[in-house]
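Structure, as C-alpha cells:
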2 protein chains.
Amino acid sequence: MAAPKDPRPCSIADALAIVGEKYSLLVLREVCLGNGRFDQLVRNIGAPRDVLATRLRRLVDAGVLTKRAYSERPQRFEYRPTQAGLELEPVLMTLKEWGDRHLRNGTDLPMVVEHICGNELIPVVTCRSCGAPVRHEDLTAHPQAEGWTVSGPTAA
Amino acid sequence: MAAPKDPRPCSIADALAIVGEKYSLLVLREVCLGNGRFDQLVRNIGAPRDVLATRLRRLVDAGVLTKRAYSERPQRFEYRPTQAGLELEPVLMTLKEWGDRHLRNGTDLPMVVEHICGNELIPVVTCRSCGAPVRHEDLTAHPQAEGWTVSGPTAA
DNA sequence: TCCGTGAGTTGGAAAATCAAACCCTCCCCT
DNA sequence: AGGGGAGGGTTTGATTTTCCAACTCACGGA
C-alpha cells in the first residue's frame with residue numbers, strides 16, 4: 001500500500017527533478033541560443049555564479065548539456081545542449097508562447113523566434129496521431145499504477 | 001545601458017517566475033487531473049503542507065488557479081485551473097513526453113493520457129504557420145531589445 | 001463526549017540562495 | 001619583468017527557503 005509520503009509516480013515530476021530547479025531552464029534557453037560560456041550565462045540569466053556552477057554540473061550529469069573546451073591554453077569551456085537538451089526546446093517554446101500571451105498580451109515581445117518557413121514561430125502542441133491541437137477537454141488520464149486515481153471528468 | 005545584473009528580458013523567465021517554483025507545476029498537474037483539494041495535493045505531490053499553501057496562494061494570485069468552496073458548513077475548498085491554467089497543460093504534456101522518452105525509454109509509463117481521437121496522446125510541438133514539428137535547426141531567435149545577442153547559428 | 005476529516009498555521013532545525021570577494025591560469029602590453 | 005585584463009570558477013558569511021512534525025479550528029458522526 002501507498003506509504004505515507006510517496007508522491008504519484010510521474011514523468012513530469014521526473015523531468016522537473018532534472019530541469020525544474022531555479023535557473024535550469026534559463027540555462028537551457030541560453031545554451032540553445034548559443035550562449036554557452038560561463039560569463040555569458042551569468043550575465044544573461046542573472047544567477048549567482050555558485051548556483052550556476054551547481055546547475056551546470058547537474059545538467060551535464062543528467063545528459064542535458066555537455067561541457068567542451070573551445071580553447072586549450074588558455075583552457076576555456078563552453079556548454080552545449082545534447083540531443084536530449086535540444087529536445088527540451090519545444091518545452092521552452094511552449095512556455096514562451098504562454099508567457100507572451102498571458103503575461104504580455106502578445107504585444108511588446110522581448111524576443112521573436114522565426115521558423116524556417118519564414119513566419120514567426122507560434123508553437124502549437126498537437127496530438128501526433130490526429131494532428132489536432134491539444135485541449136484539456138479532449139484528454140483522459142489513465143494512471144498505470146495502483147492506488148492512483150484522477151477525479152472524474154472535468155466538470156464546469 | 002545594461003547595468004550589471006539585469007538579466008535578459010524573456011517570457012520564459014516571466015512564466016517561470018509564476019510556475020517555476022518547486023511543486024508549482026505538479027500542483028497544476030493534479031488540479032488538471034481534477035484533484036484540487038488540499039489533502040489530495042499533499043498526498044499526490046508529496047510536498048510539505050506549508051509550502052503547498054504558499055504555492056497555492058501564489059498561483060491563485062497569478063490567475064492560474066481559482067479557489068472555490070465545494071461545501072459551506074463545513075467549509076471545504078477546492079482549487080481549479082483557470083483558462084490560463086488550462087493553457088499550461090500543453091507545457092505539462094510536452095514535459096511528460098520528454099520525461100517518458102528520455103527518463104524511461106518510453107516504456108513502463110506511470111501514466112498514459114488518451115486523446116479524444118482514441119489514441120494515446122503523444123504531443124508534438126508544431127509551427128502554427130506551417131504545421132511542421134519544431135526542431136532546433138529550424139529556429140532563429142531575434143531579440144527585440146538592444147544589447148541582447150545570440151551567438152551565431154548552431155554549429156555542429 | 002470523543003474521534004476523524006479537511007484545510008490549513010506555527011516553530012525550529014536543515015538546506016539552498018545570494019552577493020561579494022577571492023583565486024588561478026593564461027594572454028597581451030609595455 | 002611587471003601590470004592588467006578575461007575566463008571560469010570557488011569560498012565565505014549572511015539571508016531565505018525548505019522541511020517536518022505538531023498544532024489549531026470548525027465541523028460532523030457514533
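A quick note: this is a predicted structure, and the numbers were derived from the prediction, not measured. Order of the sequence lines sets the chain letters (A, B, ...), proteins ahead of strands, with each chain counted from 1. Quick note: numbers below take in every heavy atom, side chains included, and nothing from hydrogens, waters or symmetry partners.
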> Can you name the one residue among B:L33, B:N35, B:N44 that meets side chain to side chain contact (heavy atoms under 4.5 Å, CB included) with A:W148?
Replying inline: B:N44

>> Could you tell me how far apart A:E21 (CD) and D:dT17 (C1') are, to the nearest whole angstrom?
In response: 14 Å

> Between B:Y70 (OH) and C:dG6 (P), how many Å, whole number?
Replying inline: 6 Å

>> If I take atom CG in residue B:D50 and atom C1' in nucleotide C:dA7, what distance separates them, rounded to the nearest angstrom?
In response: 13 Å

>> Just to be sure I understand the rule, does A:F77 reach a base, reach only the sugar-phosphate, or reach nothing, if contact means heavy atoms closer than 4.0 Å?
In response: sugar-phosphate

> When only distance counts, do a donor and an acceptor, one from the side chain of A:D39 and one from the base of D:dA6, lie under 3.5 Å apart?
Replying inline: no

> Between D:dC20 atom C1' and B:R43 atom CZ, what is the distance in whole Å?
Replying inline: 17 Å

> Could you state the NZ-P distance from A:K22 to D:dT15, rounded to the nearest angstrom?
Replying inline: 17 Å

> Rounding to a whole Å, what distance do you find between A:N35:CG and D:dG8:P?
Replying inline: 12 Å

> Between B:K67 and C:dG8, does any side-chain N or O lie under 4.0 Å from OP1 or OP2?
Replying inline: yes

>> Side-chain heavy atoms nearer than 4.5 Å, only ILVMFWY residues, links allowed to pass through others: does that put A:V19 and A:L56 together?
In response: yes

> Contact class for B:R55 (heavy atom, under 4.0 Å): base, sugar-phosphate, or nothing?
Replying inline: sugar-phosphate

>> Do B:K67 and B:Y79 form a cation-pi contact, if we require the NZ or CZ to be under 6.0 Å from the six-membered ring centre and within 45 degrees of the ring's axis?
In response: no

> Quick one: the side chain of A:R49 and the base of D:dG8, do they pair up donor-acceptor inside 3.5 Å?
Replying inline: yes

> Nearest-Å distance, CD (B:Q75) to C1' (D:dC25)?
Replying inline: 12 Å

> Taking side chain as C-beta onward, heavy atoms only, is A:C127 less than 4.5 Å from B:C117?
Replying inline: yes

>> At less than 4.0 Å, is any side-chain N or O atom of A:Y79 found next to OP1 or OP2 of D:dG7? Yes or no.
In response: no

> Starting at the 5' end of DNA chain C, which residue's closest nucleotide do you reach first, A:T54 or B:A53?
Replying inline: B:A53

>> Just the rounded figure in Å: distance from C1' of D:dA26 to CZ of B:R76.
In response: 7 Å

> From A:L109 CG over to B:Q144 CD, what is the distance, rounded to the nearest 0.5 angstrom?
Replying inline: 7.5 Å

>> What's the closest nucleotide to the side chain of B:R73 if the choices are D:dC20, D:dC27, D:dT12?
In response: D:dC27

> OP1 or OP2 of C:dT9 sitting under 4.0 Å from any side-chain N/O of B:R57?
Replying inline: yes

